[in-house]
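So the structure is just underneath, and the comments pick up after that.
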Amino acid sequence: PLRAGRLRRGIKRNHQGDSMPRQRKKLAGILPGTGKEAWNFPASYTVVDVETTGLHPEWDRVIEIGALKIQNGIPGERFSSLLRPPFKQWGQYVMPAITKLTGITNEMLEKAPAAADVLKEFAAFLGNDPVVGYNVDFDMAFLQEHFQKLLGRPLANPWVDVLPMVQFLYPHWEHHRLADAVAYYHLTNARAHRALSDVEATWQVFEKVHQEALHVYLAEAQFFAALQRSLGIAQEEEQMSLW
């Protein structure tokens, strides 16, 4: 019942970024040996996004992974795959609300490669790269849980989250979803809520945020110092909605 209630309120509500900068309750970096959040603009990294069956890493499942390698600011190899979860819940892999949001159906997942096999390929693709994502704490929490359960090892890569940067730079916005940032920067996300399309959009937003941070704060160190100070001060949570 709790899980269903979360889905009715909107899957990936947190993943889309509907809150002001504040001290955040972390989902990722909790399991032993897992990576930690980094505060920088790496020159080379991998942008990652996942689609899931729900909001809770311990019992919900990853159903799609998208990733894009960036080497010295230049986009390179891409990774994209659906994942067949290890088991069905209530006779299905994915609930109708998730299919409506993502377009991913039970039939598609039935034909998808097994989750453990995809994770092995993704681990080889990712290597030791730092991960960049939009509210990537959500994505990393799921991936860290899956690596431990299905591969028997921790996911130790550090990650950089674009969401708090956007929240900090644009506190006047009503919401701070990936879609809001895409619209503000006049970008496109042709297949929103599909992993690889969200990855492409996130990379473009990250580049714009980097430029804006340097324009306003002149140096990366100054920007991140100010951002971290803002996160240390509890603020009222703004009204939350998915769309």
Side-chain angles (χ1 to χ4, degrees), residues 14-24 26-29 34-50 65-79 122 125-141 143-144 155-173 175-189 195-233:
N14 292 334
H15 195 45
Q16 295 302 317
D18 284 356
S19 58
M20 294 292 287
R22 66 190 186 280
Q23 190 64 41
R24 298 164 296 159
K26 290 295 182 184
L27 296 174
T34 54
K36 304 298 181 184
E37 187 168 16
W39 300 93
N40 56 29
F41 290 109
S44 297
Y45 53 90
T46 296
V47 188
V48 173
D49 183 82
V50 303
I65 300 176
L68 168 65
K69 279 192 173 292
I70 307 296
Q71 296 292 327
N72 295 314
I74 300 173
E77 294 180 90
R78 289 160 173 79
F79 181 96
F122 173 68
F125 177 87
L126 180 61
N128 296 319
D129 289 355
V131 171
V132 169
Y134 205 91
N135 198 14
V136 75
D137 175 70
F138 177 92
D139 306 82
M140 291 300 285
L143 290 171
Q144 289 169 359
L155 175 59
N157 301 60
W159 71 89
V160 176
D161 200 339
V162 185
L163 170 60
M165 302 182 199
V166 171
Q167 292 170 319
F168 180 63
L169 287 170
Y170 309 106
H172 58 284
W173 290 5
H175 301 296
H176 297 86
R177 300 159 294 198
L178 177 59
D180 298 308
V182 166
Y184 178 80
Y185 288 124
H186 304 290
L187 305 171
T188 59
N189 186 0
L196 190 58
S197 186
D198 283 352
V199 156
E200 299 274 2
T202 296
W203 166 61
Q204 294 179 71
V205 168
F206 186 54
E207 291 295 310
K208 295 290 187 181
V209 166
H210 189 183
Q211 294 170 16
E212 183 68 9
L214 293 180
H215 174 72
V216 175
Y217 287 89
L218 304 180
E220 292 182 11
Q222 291 175 231
F223 169 70
F224 284 110
L227 171 56
Q228 288 177 294
R229 282 195 301 270
S230 77
L231 290 171
I233 302 173

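- Side chain of E220 to main chain of N40: no donor-acceptor pair is present (N/O by atom type, distance under 3.5 Å, no hydrogens or angles).
- The salt bridge (charged side-chain N to carboxylate O under 4.0 Å, His left out) contacts involving residues 67-76 comprise K69-D129, where partners must be two or more places apart or lie in separate chains.
- Here the side chains of L68 and T202 are not in contact, with every heavy-atom distance at 4.5 Å or above.
- For the side-chain contact (heavy atoms from CB on, under 4.5 Å) test, residues two or more places apart in sequence or in another chain that qualify with A141 are L27, A28, P57.
- Taking both residues in full, the closest heavy atoms of H176 and V166 are given as CD2-O, 3.9 Å, listed atom of the first, atom of the second, then distance.
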Dump the intermediate steps for side-chain contact (heavy atoms from CB on, under 4.5 Å) on V199 and F79, then the final yes or no.
-> CA-CA 10 Å; V199 156; F79 181 96; over 6 Å; no
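- In this view, F224 and F41 satisfy the ring pair (Phe, Tyr, Trp, His ring centres under 6.0 Å) rule, not counting sequence neighbours.
- In this structure, S230 and L227 approach most closely via the heavy-atom pair OG-O, 2.6 Å.
- A search for side-chain hydrogen bond (donor to acceptor under 3.5 Å, both in side chains) contacts involving E200 returns R78, not counting sequence neighbours.
- For Q211, the side-chain hydrogen bond (donor to acceptor under 3.5 Å, both in side chains) criterion is met by no residue, not counting sequence neighbours.
- Here CG of L187 is found 11.0 Å from CD of E207. Values are rounded to the nearest 0.5 Å.
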Any chance you could lay out the side-chain contact (heavy atoms from CB on, under 4.5 Å) test for V160 and Y45, step after step, and finish with the verdict?
-> CA-CA 9 Å; V160 176; Y45 53 90; over 6 Å; no
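- Contact of the L155 side chain with the L126 side chain is registered, since non-hydrogen atoms from C-beta on lie closer than 4.5 Å.
- Although no hydrogens or angles enter the test, the distance criterion places a donor-acceptor pair under 3.5 Å between the side chain of N157 and the main chain of G127.
- Between W173 and Y170, the angle of the ring planes stays under 30°, which puts this pair in the parallel group of the 30/60° scheme.
- Checked against side-chain contact (heavy atoms from CB on, under 4.5 Å), A225 has the following partners two or more places apart in sequence or in another chain: R229.
- Listed by chain and residue number, nothing satisfies the side-chain hydrogen bond (donor to acceptor under 3.5 Å, both in side chains) test with E77 (two or more places apart in sequence, or in another chain).
- Residue F206 comes nearest to P42 through the heavy atom pair CZ-CD, 4.1 Å, listed as atom of the first residue, atom of the second, then distance.
- The shortest non-hydrogen separation linking Q204 to T188 is NE2-O, 4.3 Å.
- In terms of the ring pair (Phe, Tyr, Trp, His ring centres under 6.0 Å) criterion, Y185 has no residue partners (sequence neighbours excluded).
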Could you walk me through whether W159 and D137 pass the side-chain contact (heavy atoms from CB on, under 4.5 Å) test, one step at a time?
-> CA-CA 8 Å; W159 71 89; D137 175 70; 4.2 Å; yes
Let me see the working for L231 and W39 under side-chain contact (heavy atoms from CB on, under 4.5 Å), right down to the final yes or no.
-> CA-CA 12 Å; L231 290 171; W39 300 93; 3.2 Å; yes
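- Scanning all heavy atoms of the two residues, the minimum distance from A219 to L214 falls at C-CD2, 4.0 Å.
- Between A201 and V182 the shortest heavy-atom distance is CB-CG2, 3.9 Å.
- For N72, the side-chain contact (heavy atoms from CB on, under 4.5 Å) partners are A43, S44, not counting sequence neighbours.
- Applying the side-chain contact (heavy atoms from CB on, under 4.5 Å) rule to A195 yields the partners D49, E51, E64; only residues at least two apart in sequence or on another chain are considered.
- For S197, the side-chain hydrogen bond (donor to acceptor under 3.5 Å, both in side chains) partners are N189, not counting sequence neighbours.
- Here the straight-line distance linking atom NZ of K208 with atom CG of L169 works out to 14.0 Å at 0.5 Å rounding.
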